[in-house]
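One structure is given below, encoded as structure tokens.
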Amino acid sequence: MLAAIGVGSLEELFERQIPAELRLREPLDLPAGMPEQDVYEHLRALAGRNRSVEEQLSFLGAGMYDHYVPALIDMLTERSEFLTPYTPYQPEVAQGGLQVMFEYQTAISELTALPVSNASVYEGASAVAAAAYMAKLHNGRSSIVVSEALHPHSIETLRTYARGYGMQVREVSTRDGVTDAQAWAGAIDADTSAAIFAQPNFLGAVEDAAALSESAKAAVAQDGPVVVAQVDPITLGVLAPPGECGVDVAVGEGQPLGNRLDFGGPSFGLLAAREEYLRRMPGRIAGATEDLEGRRGFVLTLQTREQHIRRERATSNICTAQALNALAGVVYLSWLGRRGIVELGELVLARTHYAREQLAAIEGVEKLHEQPVVREFALRLDADVDAVRRRCLRSGVNPGLDLYALSGRERDRGGLLVALTERRTRADIDRLVEVLAAAIEAERPAGAPAEQLLA
Amino acid sequence: MLAAIGVGSLEELFERQIPAELRLREPLDLPAGMPEQDVYEHLRALAGRNRSVEEQLSFLGAGMYDHYVPALIDMLTERSEFLTPYTPYQPEVAQGGLQVMFEYQTAISELTALPVSNASVYEGASAVAAAAYMAKLHNGRSSIVVSEALHPHSIETLRTYARGYGMQVREVSTRDGVTDAQAWAGAIDADTSAAIFAQPNFLGAVEDAAALSESAKAAVAQDGPVVVAQVDPITLGVLAPPGECGVDVAVGEGQPLGNRLDFGGPSFGLLAAREEYLRRMPGRIAGATEDLEGRRGFVLTLQTREQHIRRERATSNICTAQALNALAGVVYLSWLGRRGIVELGELVLARTHYAREQLAAIEGVEKLHEQPVVREFALRLDADVDAVRRRCLRSGVNPGLDLYALSGRERDRGGLLVALTERRTRADIDRLVEVLAAAIEAERPAGAPAEQLLA
Amino acid sequence: MSVAPAERPGSEPGRTIFQKGAPGRRAFVCPDSEVPEIDPRELLPERLRRAQAPALPEVSEPELVRHYVGLSKRNYDLDSGFYPLGSCTMKHNPRLHERAAALPGHARLHPLQDPEHAQGALELMWRLQGALAEISGLPHVSLQPCAGSQGELAGVLLTRAYHEDRGERRHKVLTPDTAHGTNPATVTMAGLEVVKLETNGAGGVDLEDLRRKADDDVACLMLTNPNTLGIFDENIAEIAEIVHGVGATLYYDGANLNAIMGLTRPGDMGFDIVHFNLHKSFTQPHGGGGPGSGPIAVSERIAPFIPVPVVARASDGSFALDHDRPKSIGRLRAFHGNYGTFVRAYAYICSLGADGLQDASQTAVLNANYLLARLQEHGLAEYLPLAFGELCMHEFVLSGGPLKRRLQV
Amino acid sequence: MSVAPAERPGSEPGRTIFQKGAPGRRAFVCPDSEVPEIDPRELLPERLRRAQAPALPEVSEPELVRHYVGLSKRNYDLDSGFYPLGSCTMKHNPRLHERAAALPGHARLHPLQDPEHAQGALELMWRLQGALAEISGLPHVSLQPCAGSQGELAGVLLTRAYHEDRGERRHKVLTPDTAHGTNPATVTMAGLEVVKLETNGAGGVDLEDLRRKADDDVACLMLTNPNTLGIFDENIAEIAEIVHGVGATLYYDGANLNAIMGLTRPGDMGFDIVHFNLHKSFTQPHGGGGPGSGPIAVSERIAPFIPVPVVARASDGSFALDHDRPKSIGRLRAFHGNYGTFVRAYAYICSLGADGLQDASQTAVLNANYLLARLQEHGLAEYLPLAFGELCMHEFVLSGGPLKRRLQV
Ligand SMILES: Cc1ncc(COP(=O)(O)O)c(C=O)c1O
Ligand SMILES: Cc1ncc(COP(=O)(O)O)c(C=O)c1O
């Protein structure tokens, strides 16, 4: 082999290529290699120092949710044929993966009631930024109006990307838990490229999506902004879908659809749009075609949008994205099925309502807003949230997210965001009520009636 | 569909078939069905009430051992193509499974140094009974001589089967941990169909296999008994294989080869023999063949031995056995490889020696025998074994098996059987020494010198 | 050279793992022994040592994975379609079961773990015993047998023990000539003699022949009901009467149990002993020929003889292995049975519940009958294998109920 | 009608899951809500409700499994053989990594779990940050980017932030005309302008052209080294000097990093920013197009700007997410990065260690070179795709060391 290359030794091969002064003189300062069993034990020990949702009754949500992942998804995503292949640039050896993409797109399209979907983007927060770039490519305008009731990470991500796009981001405030309709309409002008809201929003409230879309479009005489909704796919069995609410581009975090929590990733971002945005979409899109013998097949389509061909004029730089996670997503949606997604939505809706009412009945707890909620809701505690949470944690219950701890915004002080899934039973909710009530009782400023403090 | 059958309703279908007085009038008294997530949680709760080898530093062995199962085995055994197929009666749709059987047989044959192997029997204890039946078919004699140093479960199983066979079982006692050579030779006569010993034996001792085989054969003028050895496959990288020790039939528990503990099963039993026993073998055997176009293929061979064809004159009634477990076995052996099985054997040997010496140095502990050991060894404690074990368990250490508790034989009182695998590190052994020493110290009859009690 | 380009799945079939790789190669990395080095001869005398390493394969991890993934692709599996053979006893294998069985608390539990640290496993076995008793209508269950044929062996040995306990040595076992091959093979292994029974026109037992052969030497009649055509022997009550009349026992080969679960019970029909095939009626995946599991359920009079151990529940609610059964035929294997298969069977029973099991059986029977009707219609009865695939599929048309999805006939 | 007989793998391709099953069918069984029933309109006003259920598939669980198992069989995967495309950046995907990543402590850990209850995860990330810093020779690491291209975006935004912090607005980014398409696409998205650099005869940067174009407007040079032919740009020191000379930064596209790990380091060559493709160089399986992971490592001067959060170790040895970086370019995504890929990459680094990584690289380079030599010999250089499969395999001839088995080029 060395002879074929024309060098006398491995050493020579490197000497002749890498300038001597750049070659590492000492081995990397890393531990020695380990046998498989030792690596496993090491990683198991690390896992043991995390408290997973198996070891804690957890009501954490805020973007990622502990839904049950059916066992068949693991089986499929662990099949070598799905797990290990390269990107399907060669359709003749990748028909399976391409068809999965096609089916995924169809499912997302049905779910959002929007005619076109790509094959996934990275995740939910950067999906918002991706939608903003689509808007920029579409109308060339320079500002983005965004409801402050998006997940803070989504807004932060949007801001990072927007600096690159050379666009300004304008946040619209909320009123009683939802985007302030007046402020929203007022913020949008002829320079607004995209107007973005979340459904349900970060505080768990269901927005009047149709009204927001309509007022956004109506705010500009001629051509309104691109209306973008960040949706939670699991709620789309019960909530009016973006496509029926005047939304142009829907994005969202796909994790609730059959993806595990994984401490935040990998999961996938969904992205669907009206037909006219098809050629502005980022990422891969699979299409159906026929081969020479008339057999149906699938290919990556509209590749001229992509960076391989269009380079600096591509609609996006996104390349490797989330094929395997999107597979889990479409299998999950097929597992639920047409009826199941509605039933699951109704179930979570009912439990969310129950939990909210029970918790709000605790002395020292009130609803942060009165809007309808579907899977998550914000409360305001008349006590130090951090201290209350610590008490609950000691009882094995994670009561949800300290809003202030995540957002750092003053107005979120006292806020607790509680999420439900089909995994949290009524007994679990009742336990939360009990534990939270005790914790608040213990932490509440002595004698102070809730009304005063909350005023 | 009902019309095609010619009945008006489902009800009628059953009425016309199952006599009314036999039909169940009430539903079965079983709980209502549950969604997948609830079944999972229920089974997880049950699992949570077991203490696995992940939650306890365990030196239990005595037939099943906590070896590391490489991750690729799970991947392969969980592939639908291996997990779900029916028995390969139709070779054209089962070439994969048949080739696996063939490879498995080859590996077992190499390991045991015996020319023929079947495709597995149920497990290690009934494998001994299967070997005895081969002997009966071979020489028609009516008694079985067995070393008492087999695993008690193996002897009990043999006795159960032997009643069916109409054969008598004669146990040969041990001396200093191994089969008493004189008693062994003395027990064998012209009526002895099979002579059976274990290597290593139940007390962890390495038998002089060649000597036992030779003396068994020599005990009878003309045609000696069939010599059967029950082996531990993981030790065959270091121990002289049965085929080189005059053994006719080797059997053994296959669990150590890539099968998980599973609270005792399913695993597989290995069975290999000299060529002359091929047609007496129970169970399936895969063979290589060529198809019409000269391509190599695999089929179930010698099926005329089997019950489907030979019915009451079959060599065995065994039908469904352990294909998937045997797959794990051959993958494990291939993963270890020619060198690996020796290295692993040497590793376990070295650690076993270390552990034995360290433990025997504890005041109040002595070796139960002085024979060489390779992966397991018996100790005698100068204290109540049950009480000592309980103390260790409270410290999270399972020091091994209480011999008496398993066998119920008086002579096993005070005995502790300690097993090693590559998973138990030196630090683990040192911890065992520490915990056991403390436990014995606490439980030892005050002031009684060990020598007296053990005398 | 190693994996040659031609070594793609499908091409060059028949090259075994032994013909791949290269000397010295392996996937395994051996951990350090960490303990003081000692002269090998001191550890183990030369005489007892293996001289030459066994000629196991020498392959890298990727080669190993590719080889067996490649072989898997040369199998036809239930997850891809129906079987041309055995399909009507095969069920869908829900993946939940694999997930549950793989939980360390189940999969990494040592069989000799102290019972107080195996309460979950013992409870699961106890519950499964109870469910199988309820399903079969026979109150006492042993989970020991490794597969159907070992269940049969247990059954015949139980029959022997039962008769011997009463001072009788009966040596004949009646089996219909259509019986599965394991039945006669088992009888021989259990030291008894097979006496064949004629089959009548409907595929059932010929009563005349039975009356002729049922005598004091008969230990047992082994029967499968419904039989292989899905036909329930309408004379079963009479058969039981005849068999019991001569003091013999009635054995039920439960391979077709999935056709009657929740509809009728072997115990109610008069059977004394039944074996279950968990790998057929209770979704244990077939694995290309195992692992299986063949628990048995028996009537009161057979109960004293069942194999040890049995899981018992103490008055304090804890579970224990009961070995103290003086009349027991003994053990059939080491430890307590194929626990991993129990987890799956129990998961199946939990998923379906009473209703679901009954639905499953109704669907199975309906299909078996539909199949039969269609076969007769087309005059194809002789060519079952080919016709199966198409016809069994119509099961789907029925499966509307929320739980029927698990039912594959 | 459902799974028709023709629906065997391979036959009737193209029928989607939406075309299977039947109305009303599904695999999911919904748990009881258990809570008091309430008028649905009270829970959610009609106006906000979905009127018609989305037209998702209606299939049973067995249909679902068969469909996707069937589709999987229409893919060509790494576990069956080599790729005709992308193979030299693809590694064997050890199954250990999947097992470790699936442990509930990793897989079922909520990203917003309190740091004191996620110490294992944070430590793993911290260790991975450290290992990537050591491998790249650049001390500060952000694990945030979701893939290579997002790592590039981070890199260009970092460059912008760096220059802006110094009061400079530089708008040009130099990239060789052979650069991967993501490089120019990224530059545009980051609001800068691509300036193409000519390639010299050896496939390296044309120094003349570089000198010509390197001016005060240049923010950055993006480079892949070794380039796609496996050739190390011998002028790299000079390139760095030129680029740094005009005050610009040097960006390393790490897609080919697996060729140099343990041999030389981007940091030592003068690069300021590097991205890693964990799904290429560190065995994260490619999944047919993701998930990926594109951590970046940067030099001291770039460090103040890296994305938040970063994992930091406190003096008491505990780990925390550090968000307090006032000059940071901000977030690129929600939460902390693709943690699942970190588990696998970290497992890989643990398995190989320093020696193993170096072995892996040497093998990769040797192969790349051998490939090159052979291609030239055969005059096939233009037809890489076809020739790849055969030639890459010769890697096995080398892999004798115990750890080399993990190396697939
Ligand atoms: C009717 C019948 N009885 C008995 C058996 C034997 O069961 P096993 O293969 O589990 O030993 C089978 C299946 O093989 C069968 O179909
Ligand atoms: C040289 C090079 N740079 C960058 C990328 C982009 O990485 P990713 O696909 O992870 O976004 C790739 C691979 O696609 C690549 O080969």
Side-chain angles (χ1 to χ4, degrees), chain A residues 4-5 17 22 27-28 30 32-33 39 43 46-47 49-52 54 60 79-81 83-87 93 95-97 110-111 122 125-126 153 156-157 160 164 260 262-266 296 307-308 311-312 314 317 319-324 334-338 340 343 350 354 426, chain D residues 14 26-28 30 33-35 53-57 71-72 74-79 86 100 103-105 107-111 117 119-120 146-147 149 181-182 184-186 188 190-191 194 232 264 285 287-292 330-331 333-335 338-340 350 352-354 356 369 373:
Chain A
I5 302 172
Q17 297 212 56
L22 293 181
L28 290 172
L30 293 172
V39 178
L43 288 164
L46 288 171
R49 293 174 51 223
N50 301 324
R51 201 165 296 174
S52 77
E54 295 203 344
L60 277 176
R79 277 183 68 80
S80 302
E81 292 87 337
L83 181 70
T84 68
Y86 199 58
T87 306
V93 296
Q95 278 302 299
E110 292 293 347
L111 201 59
Y122 299 136
S126 52
H153 290 177
E156 291 169 37
T157 301
T160 304
R260 44 200 206 193
D262 272 342
F263 200 43
R296 196 177 191 199
Q307 71 296 118
H308 292 301
R311 302 185 70 85
E312 62 266 30
N317 70 338
C319 182
T320 303
Q322 313 300 124
L324 196 68
S334 303
W335 179 73
L336 282 184
R338 182 179 207 145
E343 287 174 3
Y354 174 77
R426 175 176 172 155
Chain D
R26 68 348 209 331
F28 171 69
C30 193
S33 90
E34 302 171 322
V35 299
L56 295 178
L71 286 189
S72 79
R74 310 191 66 232
N75 262 1
Y76 189 64
D77 60 294
L78 190 56
D79 279 352
L103 288 167
R108 298 194 62 198
L109 181 61
H110 194 284
H117 294 148
Q119 284 296 301
C146 302
S149 69
T182 51
T186 297
T188 307
V194 175
F232 194 91
T264 177
R331 291 193 156 272
R333 52 162 297 156
F335 312 120
N338 282 342
Y339 178 75
C350 288
L352 266 64
N369 281 279

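In what follows, chains carry the letters A, B, and so on, assigned in the order in which the sequence lines appear, proteins first and then strands, with residues in each chain numbered from 1.
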Atom [atom1] of [X] and atom [atom2] of [Y]: how far apart are they, to the nearest 0.5 Å?
| X | Y | atom1 | atom2 | value |
| --- | --- | --- | --- | --- |
| A:Arg49 | D:Gln119 | CZ | CD | 6.0 Å |
| D:Leu71 | A:Arg79 | CG | CZ | 10.5 Å |
| A:Gln95 | D:Arg74 | CD | CZ | 5.5 Å |
| A:Arg311 | D:Thr186 | CZ | OG1 | 11.0 Å |
| A:His308 | D:Thr182 | NE2 | OG1 | 7.5 Å |
| A:Leu83 | D:Asn75 | CG | CG | 11.5 Å |

Original post:
Which of the residues D:Pro57, D:Ser149, D:Ala354 is involved in the greatest number of heavy-atom pairs with chain A at under 4.5 angstrom?
Top reply: D:Ser149

Original post:
What option among D:Pro104, D:Ala100, D:Gly330, D:Ala147 has the most heavy-atom pairs under 4.5 Å with chain A?
Top reply: D:Pro104

Which heavy atom in [X] sits nearest to a heavy atom in [Y], and how many Å separate them?
| X | Y | result |
| --- | --- | --- |
| D:Pro54 | A:Glu110 | CB-O, 3.6 Å |
| D:Phe28 | A:Glu343 | CE2-OE1, 4.2 Å |
| D:Arg26 | A:Trp335 | CB-O, 4.3 Å |
| D:Leu109 | A:Arg51 | CD1-O, 3.4 Å |
| A:Gln307 | D:Ala185 | CB-CB, 3.5 Å |

Subject >> Partner set under salt bridge (Lys or Arg N to Asp or Glu O under 4.0 Å) for D:Arg333, not counting sequence neighbours >> reply: none

**OP:** Could you tell me whether a side-chain N or O of A:Asp262 sits under 3.5 Å from a main-chain N or O of D:Tyr339, the two making a donor and an acceptor?
**Re:** no

**OP:** Say whether, by atom type as modelled, one donor and one acceptor occur between the side chain of D:Thr264 and the main chain of A:Leu22 under 3.5 angstrom.
**Re:** yes

Subject >> Contact class of D:Val35 relative to chain A, heavy atoms under 4.5 angstrom >> reply: both

Subject >> Which portion of A:Ala314 sits near chain D, non-hydrogen atoms under 4.5 angstrom >> reply: side chain

Original post:
Given a strict heavy-atom distance threshold of 4.5 Å, which part of A:Ala350 is in contact with chain D: side chain, backbone, both, or neither?
Top reply: both

Original post:
Does any non-hydrogen side-chain atom of D:Pro291 lie less than 4.5 Å from one of A:Leu324?
Top reply: yes

Original post:
Between D:Glu34 and A:Arg426, does at least one N-O distance fall below 4.0 Å, as a salt bridge requires?
Top reply: no

